[in-house]
Amino acid sequence: MKKELIKIIEDSLKTLGIEAIPTIEVEVPPNESLGDLATPVAMSLSRTLKKSPREIAEELVNSVGDKAAFEKIGIAGPGFINFTFSKEYLYSEIKNLLRDKGKFLREDIGKGRRVQIEFVSANPTGPLHLGHGRGAATGEALSNLLEAAGYKVEREYYINNAGKQVKLLGLSVFARYQQLLGAEYPFPEEGYRGGYIEEIASTIIKEKGEKYIKAEFDEVSDFFIDHSYGIMLSRIKEDLKDFGITFDTWQSERELYGEGDVKRAIYDLKTKGLIYEKDGAIWFKSTPFGDDKDRVIIKKDGEYTYFTSDIAYHRKKIERKYDELINMWGADHHGYIPRLKAAVEALGYPKEKLKILLVQMVTLLRGGEPVQMSKRAGEFVTLREVIEEVGVDTTKFMFLTRRPDSHLEFDLEVAKSQSSENPVFYVQYANARINSIFAHTKEKGINTDRLCDADFRLLSTPEELRIIRKLLMYPMMFEGAVNSLEPHRITFYLQELSGLFHPYYNKYRVVNDNVEMTRARLALCEAIRIVLQDGLTILGVSTPEKM
RNA sequence: GCGCCUGUAGCUCAGUUGGAGAGAGCAACUGCCUUCUAAGCAGUGGGUCAGGGGUUCGAAUCCCUUCAGGCGCGCCA
């Protein structure tokens, strides 16, 4: 719809002999009585052509070639050109949708380009909390969206299993282990205090008995660390699975050390003269690449920093030759962006290749009161608890009806009390109702084959035409969502589409005495169902047959 | 102190990358189930787009500034 219009506008500009044709912008007019689509192009041409916008608009309108596609073309306001498509055009497009939905719904924007999306990547030192859930839902929806747009998408989870944090996890479990067996052992100051630490300690007792009692931690640390983080990681995987999130690859931080990636990264920087020593530590000269200070990559005590392995990690990503890299981070890591981009650029890669999307914090409330989310203190509500309390689809929709970079207040009481009113059900219900209509046709023995051949001219009520127009907007909305990397646009679109269907359903009977009319309306319902299911699938939300 | 994000209806949030008279859901109130699912429908009320300047044909959107909230500024991850 949009593409065709742009072409028509371009053609008529050419007929007018205008040489410098700008990128034609097309938008939806604020009021539907004005038309289906509008362009402000006359206004932007006004300056270069030294003519008034309305004058240009009139010339442009007069030179439109394909008049049959439009019912009317009007000029309004300061010089907007409003296009109202003809019914014939709408009918032929809806027919295309039904005939070949893949071709209609999909815009091949990616053209097979490879993109890797790294998201969640929570430290395996505790269960996933709600903030991780937001990243998970958003990352999954974005991945699905890009995949639908013709990108080859790889979803990756980066496992921080090498540093101080997993060591602290091991030590926390070790301390609990000793305490459970009645041995005196001081719990680490900064240790993880959640109940899961004790659970892990108990399983170790069950499996290994008192084998490690009164041992030195340093001697058994490998076991405690590996065992503990292994359990945490498998729990995280369970949580993600139950939340409906899948990953293609799991990159381990340890592996980067084991396979020499870290050494190679340092070597690369060294040969570029970007490494120096100061105060007993080794530094990476990141300031020439836009960072505000240089960064330590090997500490005084000989240990690497987290940043060092991250450099290696991103070097490896780039070596894998993705056309684009997307990292989805919690917004609390935003200060880390300049240094990582500096590293990417220092290694000789264009930093535009790496896009870092921030997902803002989730403030968890219960009845208006903030709930603590500190992992260390062990007081936090897990993602699992939330989805058990309010449901997977509702939780996802809570996240996907918001811009990722907006702060979000998630009140458990509100989420629960509203869960039956949640917009997700409104959309799913529209789909379920349509299923129900088709179930009804079966009982009545109505032929639902080849609905694309129905007589669309029978769809002439304002409601029906409005629905058709909305359906035809889907590709335009889809393209916008892809280009801006904003899956939440789909969420809003689906609500709007459902908001047209429900009143229609209420006012008109799809299955009625007129066979041809029934088939035409069934065709419309089928088209709605196709779009609803496509959108919900991209969002990672289920499409129940019945509700 | 510096940097990033946010401020739109009572509440939670959209606002198509600068477009036309500012939207949705929830909450409140009034009606609608013997016919394809009432998780629905029809209707009513609700705004200084945080404040102030600027840029231009045109600003919730861009720039400056003030205020408010959140988050960062480690040889932690």
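Naming convention: chains lettered A, B, ... in sequence-line order (proteins, then strands); numbering from 1 in each chain.
In this structure, OG1 on A:Thr461 lies 7.5 Å from CD1 on A:Ile467, to the nearest 0.5 angstrom.
Among the heavy atoms of the strands lying under 4.0 Å from A:Leu408 are primed sugar atoms or P, OP1, OP2 only; no base atom is included. Residue A:Tyr505 is classed as a base contact, given a heavy-atom separation below 4.0 Å to a base. Among the protein residues, A:His502 comes within range of the sugar-phosphate backbone only, with heavy atoms under 4.0 Å from sugar or phosphate atoms but none that close to a base. A:Lys164 comes within contact range of the sugar-phosphate backbone alone, with a heavy-atom separation under 4.0 Å but no base atom that close. At a threshold of 4.0 angstrom between heavy atoms, the contacts of A:Lys293 are confined to the sugar-phosphate backbone, with no base atom among them. No engagement by A:Asp411 is indicated, since no non-hydrogen atom pair under 4.0 Å with the nucleic acid exists. Among the protein residues, A:His488 comes within range of the sugar-phosphate backbone only, with heavy atoms under 4.0 Å from sugar or phosphate atoms but none that close to a base. Among the atoms of the strands shown, base atoms are found under 4.0 Å from some heavy atom of A:Tyr336. In this structure, A:Tyr508 reaches the bases: a heavy-atom distance under 4.0 Å links it to at least one base atom across the strands shown.
Distance alone, capped at 3.5 Å, is enough to place a donor-acceptor pair between the A:Asp294 side chain and the A:Thr287 backbone. When atom types are taken as modelled, the side chain of A:Asn82 and the backbone of A:Ala38 share no donor-acceptor pair closer than 3.5 angstrom. In this structure, the side chain of A:Asn161 engages the main chain of A:Arg254 through a donor-acceptor pair within 3.5 Å.
Counting only heavy atoms from C-beta on, A:Glu25 has its side chain closest to B:U17 among B:A42, B:U17, B:A77. Of the candidate nucleotides B:A14, B:A42, B:G3, B:A14 has the atom lying nearest to any side-chain atom of A:Arg402. Considering only side-chain atoms of A:Val511, the nucleotide from B:G40, B:C36, B:U17 that sits closest is B:C36. Side-chain proximity of A:Met43 to B:C75, B:G19, B:C36: nearest is B:G19. Listed nucleotides: B:A77, B:C36, B:A39. Nearest to the side chain of A:Asn123: B:A77.
Exactly one residue among A:Leu536, A:Leu400, A:Val424 makes a side-chain contact (heavy atoms from CB on, under 4.5 Å) with A:Thr491. That residue is A:Leu400.
In this structure, B:G47 makes no Watson-Crick or G-U wobble pair, since no nucleotide meets both defining distances under 3.5 angstrom. The nucleotide B:A68 finds its pairing partner in B:U6, both defining distances of the Watson-Crick or G-U wobble pair being shorter than 3.5 Å. Pairing of B:C57, defined by two Watson-Crick or G-U wobble distances under 3.5 Å, is identified with B:G19. As the counterpart of B:G74, no nucleotide is assigned, since no Watson-Crick or G-U wobble pattern has both distances under 3.5 Å. Base pairing analysis places B:G40 opposite B:C32; the two distances defining the Watson-Crick or G-U wobble pair are each below 3.5 Å.
Listed by chain and residue number, A:Phe70, A:Tyr89 satisfy the ring-ring contact (aromatic ring centres under 6.0 Å, His included) test with A:Phe85 (two or more places apart in sequence, or in another chain).
Between A:Tyr505 and A:Phe501, the two ring planes are tilted [angle within 30° to 60°]. Ring planes of A:Phe284 and A:Phe289: parallel class, angle under 30° (limits at 30 and 60°).
Comparing B:G43 with B:A24, their P atoms sit 12 Å apart, to the nearest whole Å. Across B:C11 and B:G53, the matching C1' atoms stand 32 Å from one another, rounded to whole Å. Atom P of B:G15 sits at a distance of 40 Å from the matching atom of B:C76, rounded to the whole Å. B:G74 and B:U56 have their C1' atoms separated by 47 Å, given to the nearest Å. Between the P atoms of B:A42 and B:G25, the separation comes to 10 Å (whole Å). One C1' atom belongs to B:A9, the other to B:C5, and the distance between them is 23 Å to the nearest Å. As rounded to the nearest Å, B:G69 and B:U12 have P atoms that lie 16 Å from one another. For B:A50 and B:G7, the P atoms lie 7 Å apart once the distance is rounded to whole Å.
Inspection of the A:Tyr336 and A:Asp310 side chains reveals an N or O donor paired with an N or O acceptor under 3.5 Å. Side chains of A:Arg295 and A:Thr305: a donor-acceptor N/O pair is absent below 3.5 angstrom, by distance only. For the residue pair A:Glu253 / A:Tyr313, no side-chain donor-acceptor distance below 3.5 Å is found, with atom types taken as modelled.
A:Trp329 places its CH2 atom 15 Å from the C1' atom of B:C71, with the value rounded to the nearest Å. Put simply, CD on A:Gln360 is 16 Å from P on B:G69, counting in whole angstrom units. Look at CZ on A:Arg519: it is 22 Å from P on B:C36, rounded to the nearest Å. Between the C1' atom of B:G15 and the CE atom of A:Met477 lies a distance of 15 Å, rounded to the nearest Å. Taking atom CD on A:Gln165 and atom P on B:A77, their separation rounds to 7 Å, with Å as the unit. Following rounding to the nearest Å, A:Ile356 (CD1) and B:C4 (C1') show an atom-to-atom distance of 13 Å. Rounded to an integer number of Å, the gap from NZ of A:Lys546 to P of B:A39 is 15 Å. In this entry the distance linking OH of A:Tyr504 with P of B:G40 reads 20 Å, nearest Å.
A glycosidic torsion no more than 90° from 0 defines the syn conformation, and B:U17 adopts it. For B:C62, the base is anti relative to its sugar; the glycosidic angle deviates from 0 by more than 90°.
Side chain A:His407 to base B:G69: a donor-acceptor pair is found below 3.5 Å.
Applying the 4.0 Å criterion to OP1 and OP2 of B:C57, one finds that A:Arg54 has every side-chain N and O outside that range. Contact check, A:Lys299 against B:C76: a side-chain N or O comes under 4.0 Å of OP1 or OP2. Taking side-chain N and O atoms only, A:Tyr306 has no distance below 4.0 Å to OP1 or OP2 of B:A77. Remark: A:Ser406 is in phosphate contact with B:A14, judged by side-chain N or O atoms under 4.0 Å from OP1 or OP2. OP1 or OP2 of B:U6 lies within a sub-4.0 Å distance of a side-chain N or O belonging to A:Arg403.
A residue-by-residue look at A:Gly280 and A:His440 shows that A:His440 has its nearest nucleotide of RNA chain B further toward the 5' end. When each of A:Arg295 and A:Asp332 is assigned the nucleotide of RNA chain B bearing its nearest heavy atom, the one mapping closer to the 5' terminus is A:Asp332.
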Report each atom pair, protein N/O against N/O of nucleotides 20-29 of chain B, whose distance is under 3.5 angstrom.
unit_1, atom_1, unit_2, atom_2, d
B:A20, N6, A:Asn82, OD1, 2.7
B:A20, N1, A:Asn82, OD1, 3.1
B:A20, N1, A:Asn82, ND2, 3.1
B:C26, O2', A:Gln418, NE2, 2.7

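Cation-pi contact between A:Arg529 and A:Phe438: present, with separation from the ring centre below 6.0 Å and deviation from the ring axis of at most 45°.
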